[in-house]
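Below is one structure, written out as structure tokens; the observations come after it.
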Amino acid sequence: MEKVTFTIDGRQVSVAKGTTVLQAAIEHGIQIPYYCYHPGLGVDGSCRVCLVKIEKMPKLQVSCSVVATEGMVVDTRSPEVVEARAGVFEFLLINHPLDCPVCDKGGECPLQDFSYAFGRKESRMEFPRRTFDGEGVRADVDFGPTLMLNRNRCIMCTRCARFMRDVAGDEQIGIIDRGYGSEIATFREEGVHSVLSGNLMDVCPVGAITTRDYRFKSRPWDNPNAVDTICTGCEKGCNITVWIKAKPEWAKGSQLARITPRYNADVNQYWMCDIGRFGYHWVEGAERLSAPLVRKADGALEATTWDAALKALADRLGRADWGGVRFALSAHASHEEMFALGRLAMALVGDAAQSSIGVGWNVSAKPQAGATRFTVPDVDAPNVGGARAFGLVEGERPTPTVASLRAEVEAGRVKALYVLDPGPAGAIGDLSWAVAARKDGRLPLLIAQGPVATDVTRAADIVLPGCAWVEKDASYANMQGRLQAASQGILPPGDARDDWRILADVAAALGVPLGYDSAHEVRQAIAATLGSEPAVAGIAALEFRRPAPAATWLQASNPMERLKWDFLFQDVLPLKFENTRDPGHRAGEKT
Amino acid sequence: MRLPEPVLTPHVKKPHGHTLEHYLQTGGYQALRKALALTPDQVIEQVKQSGLRGRGGAGFPTGMKWGFVPKDSPKPKYLCVNADESEPGTFKDHVLMERNPHLLFEGCVIACRSIGAKVAYIYIRGEFYHVQRVLEAELEKARAAGYVGKNILGSGVDCDIWVHRGAGAYEAGEESALLESLEGKRAQPRLRPPFPAVVGLYGCPTIINNVETICNVPVIFDRGAEWFASIGPEKNTGPKLYCISGHVARPGVYETSMDVTLRELIYDYAGGIPGGRALKAVIPGGSSVNVLTPEALDAQASFDGLVKAGSMLGSAAIMVMDETTDMVWAATNLIHFYKHESCGKCTPCREGSDWMHKVLQKILRGEGSMRDIDLLLGIANNIGGKTLCPFGDAEIAPVVGMLQHFRGEFEHYVREGRSLVPLAPWRAREPAGAHAH
Ligand SMILES: Cc1cc2nc3c(=O)[nH]c(=O)nc-3n(C[C@H](O)[C@H](O)[C@H](O)COP(=O)(O)O)c2cc1C
Ligand code: SF4
Ligand code: SF4
Ligand code: FES
């Protein structure tokens, strides 16, 4: 790669040819504020806060729009720059409501942070501020089913409009009126209706666009832990950060604060869809199972201990019936779970193990514009790739295996159906036929493993509570065949167990132990058996994250932004304006 | 040499002066024949030799601009005629379009051929319904007569012309905003580079020229580049239209050459200031340039002459203000225009124009303080040179000029709460500040 070397603030920096001065500064931890630029949305040149002085150029330049050239000399801290930049910040704030104490962005707001670092100490504005829809939080108006809009806070960076135009490919956001009266708007105030709408909150550098889901819910400093993981909503496998509350007792015990996308150049860039972002509430919902259940003689399901449940299972599943056991497996199951289930099937069914497992998932078309640059796939399960690698699925659709399973059950040829459904409810596809068969007795035994109560668990004889995806370390292969790690962020409720372990426990209770003591050992076994499959290659060395405290809790949606957080929160001395007037005192330097 | 007779506007007062028949009777479309006999490069060379500079405001050499179009680009190329004419005090282009449309069409065809364009768009300002009607009617005739369209005059050259009326925005006259508007988007400027000559309309190489600039092109081929270059002072050649307005006896459009001085324009051409009142200030280039005081009256009203005098020729709109003018009110009125027309894309202009307007209104109401005067300069300083397009510099130029030259009037407002000059009768009847919008 061709490089250019140039100087910023007396520092030599080398960057790839074609890099802008702003990108180079961000990469090298040199502070230049920016709003309209976003690495995923490109350059707009409209906010004008990224001003720098470049030698041999008469006027100050916006660094986002200047490509670095060999030998260029850039100054971001000369009095001229500091003063001009402070001037732009003054403009940005003269009409801003400064309602930070009630604004959801407070604490992670680039307007707050950059203004503090680069803005003037006081405002010279004495006139009433511009208001659009009212004052204070009353100015929050509906912006579609997922979002709220507060136009008073908007700084007109147009990131939102450009996101919809360039990424969603669906220009729902526009600007009406012009000049001082410009406002962000949608046609007939219909708001944003997009499966990508949540990203607008991420790109908005102020609290103008907020999500209803996170509204008034918490402050970033109330979520000191966040875990970098992946979304398992569909086969895309977006890289995400799950934010965890420090004080769940303040929120009726719930620990999950929100989910934001995490930059991965090859998978999801800076974005994620709303299904993954907002669809996490089931994890801490009322339907969660926290103890094993066994159906008693009077027909009622009763909570019990693992020992009792496993013993009941062993009692009900006599060795003679093993050959008649069949498995319904959700494509939400991880590699570890699929592999352990496969081992269990081999122990019970023997050579016909592979055909004893039917894999189910849902397929749904998402309403997206044809021009979108971020396609949410139709397959609503994270690990069809894994099922394929393990030889459990051949085509693109779940139908064939599930259909033959169903035929067998309905014909009364199945002794026991073992359902492994790691949630969310319904994700395994239609199993009403199994419920019906159990009720009318054609299916003598129904065993359900999974984290949530469903029609299947309600009809089951034995229910084994598993984990939701954020409660376990597990691996998946996305639609690209890319192996990815989903890391544990929170503990499962009550007695719920990691799903691979449940399978191992079941096997042990039946007297055919699988021989694994940890998920890592399962992964080693996968590597040993299937190591050459691209979907699992490297699985034994997969690294899992842990919720990371303080230092990195401000994990914004991409590394460039994150870098910004990292250096802004190191208590930098504000580059205050008057410092520059004091000879011998360069702004921002410790004295 | 002073322009001996009008060449752009000789027939504008005749009732049928704008028709194709009249144009042909008076030697129209002959320049086109001459230009078609040359190669495109020769045409550009002639335009360079003539010394023609753009009449849209910046005075950029036209031949040089045409030369920027990449010859090897496989993309279509476009000519856009900037007929947005929204600069306050400017009213010359619509005279050319309404009263001499074929001169513009002839210029378009010559320009298109030389840059390799097959299509020209005339982007006219939103309010110009009547101009649109005239242009389209005459265009139809020119097409039927074979001066515009396919295989022009049997030369094998194709060039069609389309008239597009904008939605009425001053900023749409800024060349890149014009392109956006023509593409059907908001009239907001683009970031440059790339410049339109390389990436312009629909991403294709595009030349944008003012109406008057293009109207000068046939003149070059009619009378010869040498003749053209001999008119007016060196580097400021050719016929020039001036729009004189304000406190003059005969406001209007005057055609002469750029060796003329401001004094001649105001006192000879426009008949001086009525009632024998004294001149107070002149804005010589449309509202977007610095204001001049009577000391500058002998400055040459040329691109270079007015820069030397501390201002700019701009759109050659000479706005004359006599001693009865309240400069604070004038400044407020101008900034109101800019506040209203700011496209809102970039921060300093969007926020600063309104703020300056509010501060000026406050002074005008008699509620200002001395600090407000410095604040105005401070805000202007934070806008100047920091905006995305030249609008920012344009909006502060007249206000800063007025503050520099007439600070005493602003201070008088602050101290006394009223104007230094007696209020014009129509303002005296209104409550303070009512006309400052
Ligand atoms: C805010 C703004 C408004 C402008 N309005 C006009 C206009 O109405 N007509 C015009 O010809 N040029 C206008 N210009 C200048 C154009 O951007 C451009 O320079 C000009 O059309 C080039 O033509 P020329 O080379 O023939 O002068 C404007 C520029 C700015 C910054
Ligand atoms: S709503 Fe947010 S993202 Fe959209 S223009 Fe305003 S500040 Fe920018
Ligand atoms: S200076 Fe900025 S806001 Fe003003 S017209 Fe130009 S781009 Fe628009
Ligand atoms: S980031 Fe450079 S102008 Fe907005």
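Each chain gets a letter, A, B and so on, in the order its sequence line appears, and its residues count up from 1. No hydrogens, no waters, no symmetry mates; every other heavy atom, side chains included, goes into these values.
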Contact origin within [X] toward chain B - heavy atom pairs under 4.5 Å:
X      : value
A:I176 : backbone
A:D44  : both
A:I175 : both
A:L92  : both

Can A:R130 and B:E351 be counted as an ion pair, charged N to O under 4.0 angstrom?
yes

Determine yes or no for a side-chain-to-main-chain donor-acceptor pair under 3.5 angstrom, with B:R350 supplying the side chain and A:Y180 the backbone.
no

Has B:T347 got a side-chain atom pairing as donor or acceptor with A:R48's backbone, closer than 3.5 angstrom?
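The answer is no, because no donor-acceptor pair under 3.5 Å joins these two groups.
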
With a 4.5 angstrom heavy-atom cut-off, is it the side chain or the backbone of B:A187 that approaches chain A, or both, or neither?
neither

Applying a strict 4.5 Å limit to non-hydrogen atoms, the region of B:S353 in contact with chain A is neither

Testing the basics here: between A:S182 and B:R186, what is the closest heavy-atom pair and its distance to 0.1 Å?
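Minimum heavy-atom separation between A:S182 and B:R186: OG-NH2, 4.4 Å.
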
If you look at every heavy atom in A:E90 and B:N382, which pair is closest and at what distance?
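Shortest heavy-atom contact: OE1-ND2, 3.8 Å.
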
Output the distance between atom CG (B:L388) and atom OG (A:S65), rounded to the nearest 0.5 Å.
8.0 Å

Apply the side-chain hydrogen bond (donor to acceptor under 3.5 Å, both in side chains) test between A:R178 and each candidate in B:E341, B:E171, B:Q188; give the one that qualifies.
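Testing A:R178 for a side-chain hydrogen bond (donor to acceptor under 3.5 Å, both in side chains) against B:E341, B:E171, B:Q188 leaves exactly one candidate, B:E341.
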
